[in-house]
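One structure is given here, and the rest of the page talks about it.
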Protein chains: 2
Amino acid sequence: MKRNSRLSLALHTLSHMAGEPGRVRTSADIADHAGTNPVVVRRVLGKLRQAGLLTSEKGHAGGWQLAKAADSITFADVYLALDERLVAGSGGEAEPSHCSVETGLQARVSEVLHDIEASLVERLRETTITDVHPSSCSYCGS
Amino acid sequence: MKRNSRLSLALHTLSHMAGEPGRVRTSADIADHAGTNPVVVRRVLGKLRQAGLLTSEKGHAGGWQLAKAADSITFADVYLALDERLVAGSGGEAEPSHCSVETGLQARVSEVLHDIEASLVERLRETTITDVHPSSCSYCGS
DNA sequence: ATAAATGCAACATCCATTGTTACATAGACT
DNA sequence: AGTCTATGTAACAATGGATGTTGCATTTAT
């Protein structure tokens with residue numbers, strides 16, 4: 001895994017689940033397929049569960065599963081569930097500065113970044129999890 | 001300094017220069033005002049010089065100054081000169097994956113991020129360096 | 001010559017993300 | 001009950017990118 005990894009991992013996993021909705025997957029299985037660690041998987045998917053996109057069951061035969069129809073989950077839902085900010089600096093406020101140039105600057109830049117972040121979310125809202133599942137998929141068997 | 005720092009430093013410095021175009025500033029002066037290090041300043045401003053936005057002179061009485069009119073320098077020029085990518089993952093290609101789901105996913109996400117990056121640049125193109133210089137500025141005296 | 005500036009390389013520090021280990025807890029099966 | 005397998009979570013290690021720092025060569029005005 002490298003960059004953008006939380007969002008990639010989340011979308012990747014959800015997409016596979018969309019291809020085989022009934023199947024319960026363990027974090028170990030998912031981690032193995034994604035080339036990462038079960039704890040990392042649980043961290044990421046835990047956020048999706050908090051957002052109501054997934055359910056998890058503990059104990060024997062436990063694991064993870066979609067909480068709702070795949071075509072009702074958009075990329076934006078996933079993105080927002082993860083608290084990611086792909087637009088650097090679009091969250092958080094500018095530090096106060098004694099310099100009026102700096103202050104005015106930050107205000108302008110922040111405004112632009114905030115707008116761009118919003119339009120990113122709008123774009124992500126156009127795609128659902130079902131939109132990316134190809135006909136040939138060795139993992140889910142479809 | 002914290003995050004977004006290269007762009008902030010660049011815009012901040014250029015804005016001050018816009019208020020007093022004739023004045024030559026050393027990297028030490030600039031670093032002092034911005035609360036950072038002269039070497040960092042030279043690194044950042046060096047990129048702006050490569051892009052033709054600034055000139056620098058070595059030796060005694062050397063320093064930095066605008067290479068062209070402040071109102072002909074947009075935020076986009078500065079942003080592009082720095083090779084920053086404020087939209088994470090919008091640059092670089094996806095790593096090849098054995099998994100077709102992953103591949104399709106990356107393609108979609110990359111497309112969106114690329115578009116968003118482009119619209120960020122468009123937004124930045126709307127503002128020039130002169131647009132952020134306030135009437136009261138202790139540093140440049142204007 | 002000397003002083004003052006940039007240019008640049010090499011290294012150190014910091015910080016966020018990811019990866020790892022360990023363990024408590026919960027549920028299914030015998 | 002007891003065991004096995006899973007999640008949940010905390011604590012810590014490793015990694016990587018950005019920033020900060022030091023040192024020195026080079027250039028230029030005095």
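Below, chain A is the first sequence line, B the second, and so on; all start at residue 1.
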Take the protein atom [atom1] of [X] and the nucleotide atom [atom2] of [N], then report the distance between them rounded to whole Å.
X      : N       : atom1 : atom2 : answer
L54(B) : dG7(C)  : CG    : P     : 11 Å
Q65(B) : dA5(C)  : CD    : C1'   : 14 Å
L48(B) : dT6(C)  : CG    : C1'   : 15 Å
K47(A) : dT17(C) : NZ    : C1'   : 13 Å
L9(A)  : dG19(C) : CG    : P     : 9 Å
R25(B) : dA4(C)  : CZ    : C1'   : 18 Å

Checking [X] now: which residues fulfil side-chain hydrogen bond (donor to acceptor under 3.5 Å, both in side chains) with it, not counting sequence neighbours?
X       : value
T130(A) : T128(A)
N37(A)  : none
S27(A)  : R42(A)

Any residue meeting side-chain contact (heavy atoms from CB on, under 4.5 Å) with R43(A), in chain and number order, not counting sequence neighbours =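 If we apply the side-chain contact (heavy atoms from CB on, under 4.5 Å) test to R43(A), skipping adjacent residues, the hits are V39(A), V40(A).
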ask   = A76(B): what forms a side-chain contact (heavy atoms from CB on, under 4.5 Å) with it, not counting sequence neighbours?
value =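 Checked A76(B) against side-chain contact (heavy atoms from CB on, under 4.5 Å); matches are T74(B), V121(B), L124(B), R125(B).
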Distance-only donor-acceptor pairs under 3.5 Å for side chains of residues 101-115 of chain A, two or more places apart:
unit_1  : atom_1 : unit_2  : atom_2 : d
E102(A) : OE1    : H12(B)  : ND1    : 2.7
E102(A) : OE2    : Q106(A) : NE2    : 2.7
T103(A) : OG1    : C99(A)  : O      : 3.1
Q106(A) : NE2    : S8(B)   : OG     : 3.3
R108(A) : NH2    : D131(B) : O      : 3.2
S110(A) : OG     : Q106(A) : O      : 2.8
D115(A) : OD2    : R123(B) : NH1    : 2.9
D115(A) : OD2    : R123(B) : NH2    : 3.3

task = May I ask you to evaluate whether T26(B) reaches the phosphate of dA4(C), defined as a side-chain N or O under 4.0 Å from OP1 or OP2?
result =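 No.
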inquiry  = Quick check on dT7(D): is either OP1 or OP2 less than 4.0 Å from any side-chain nitrogen or oxygen of S56(A)?
reply    =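 Looking at the OP1 and OP2 atoms of dT7(D), neither is under 4.0 Å from any side-chain N or O of S56(A).
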ask   = Which nucleotide sits closest to the side chain of N37(A): dT7(D), dG19(C), dG20(D)?
value =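 For N37(A), the side-chain atoms sit closest to dG19(C).
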query = Which one, dA18(D), dT20(C), dG20(D), comes nearest to the side chain of R6(B)?
reply =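 So the side chain of R6(B) is nearest to dA18(D).
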Report, one pair per line, the protein and nucleotides 28-30 of chain D atoms (nitrogen or oxygen only) whose separation is under 3.5 Å.
unit_1  : atom_1 : unit_2 : atom_2 : d
dT28(D) : O2     : H60(B) : N      : 3.0

Under 3.5 Å, side-chain donor or acceptor atoms of residues 53-72 of chain A against the rest of the protein: list the pairs with distances, not counting sequence neighbours.
unit_1 : atom_1 : unit_2 : atom_2 : d
S56(A) : OG     : R49(A) : NH1    : 3.0
Q65(A) : NE2    : G22(A) : O      : 3.3
S72(A) : OG     : A69(A) : O      : 2.7

message = Please give me the minimum heavy-atom distance between E117(B) and Y79(B), naming the atom from each residue.
response =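 What the structure gives for the nearest pair is OE2-OH, 2.7 Å.
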message = Do L11(A) and V132(A) have side chains that approach each other closer than 4.5 Å (heavy atoms only, starting at C-beta)?
response =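 No, too far: nothing below the 4.5 Å cut-off.
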Give every pair of a protein N or O atom and an N or O atom of nucleotides 8-12 of chain C that lie under 3.5 Å apart, one pair per line with the distance.
unit_1  : atom_1 : unit_2 : atom_2 : d
dA10(C) : N6     : R43(B) : NH2    : 3.4

